[in-house]
**Student:** 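Following this message is one structure expressed as structure tokens.
No experiment lies behind these values; they were computed from the predicted model shown.
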Amino acid sequence: MDVVFDLMDWGMEKWKRFTAFDVAVFKIFLFSAGTLFGMYAVRDRKKLTPLVQTVVLLTFCRLISRMFEAGRGQI
């Protein structure tokens with residue numbers, strides 16, 4: 001159970017260092033991921049799936065890289 005709390009503390013520590021741009025990227029990620037899940041349920045909207053997948057992938061990579069680079073140089 002301590003591992004879960006340590007992970008939550010680590011995430012909150014990183015979240016405090018996010019800028020407004022990072023929060024906007026996070027919101028775009030959440031919106032596009034929800035859109036992607038919704039698109040899989042509808043047959044007629046498959047044309048835009050590659051575009052939404054690309055947005056999800058790019059925003060996810062940006063968030064992960066930001067979370068892991070935020071701690072560098074602070075040891």
**Student:** Verify the cluster assignment for Phe21 and Val55: are they in a single hydrophobic cluster under the rule of side-chain heavy atoms below 4.5 Å apart?
**Tutor:**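 As far as the 4.5 Å side-chain criterion goes, Val55 and Phe21 are not connected within one cluster.
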**Student:** Check the hydrophobic clustering (I, L, V, M, F, W, Y; side-chain heavy atoms under 4.5 Å; chains of links allowed) and say if Val3 and Leu7 are grouped together.
**Tutor:** no
**Student:** Go through the structure and list residues passing ring pair (Phe, Tyr, Trp, His ring centres under 6.0 Å) with Trp15, not counting sequence neighbours.
**Tutor:** Phe18, Phe26
**Student:** Mind listing the side-chain donor-acceptor pairs of residues 27-39 below 3.5 Å, one per line with the distance, residues two or more places apart or on another chain?
**Tutor:**
residue, atom, partner, partner atom, Å
Ser32, OG, Ile28, O, 2.8
Ser32, OG, Phe29, O, 3.2
Thr35, OG1, Phe31, O, 2.8

**Student:** I need the full list of salt bridge (charged side-chain N to carboxylate O under 4.0 Å, His left out) pairs touching residues 52-62, with sequence neighbours left out, sorted by first then second residue.
**Tutor:** Asp22-Arg62
**Student:** Val25 and Arg66: side-chain contact (heavy atoms from CB on, under 4.5 Å), yes or no, with the steps?
**Tutor:** CA-CA 11 Å; Val25 169; Arg66 179 69 173 115; over 6 Å; no
**Student:** Among all residues two or more places apart in sequence or in another chain, which pass the side-chain contact (heavy atoms from CB on, under 4.5 Å) test with Ile64?
**Tutor:** Phe60, Phe68
**Student:** Say you draw a straight line from CE of Met67 to CZ of Arg17; how long is it, rounded to the nearest 0.5 Å?
**Tutor:**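 So the CE of Met67 and the CZ of Arg17 are separated by 11.5 Å.
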**Student:** Does one hydrophobic cluster hold both Val56 and Tyr40, with members joined at side-chain heavy-atom distances below 4.5 Å?
**Tutor:** yes
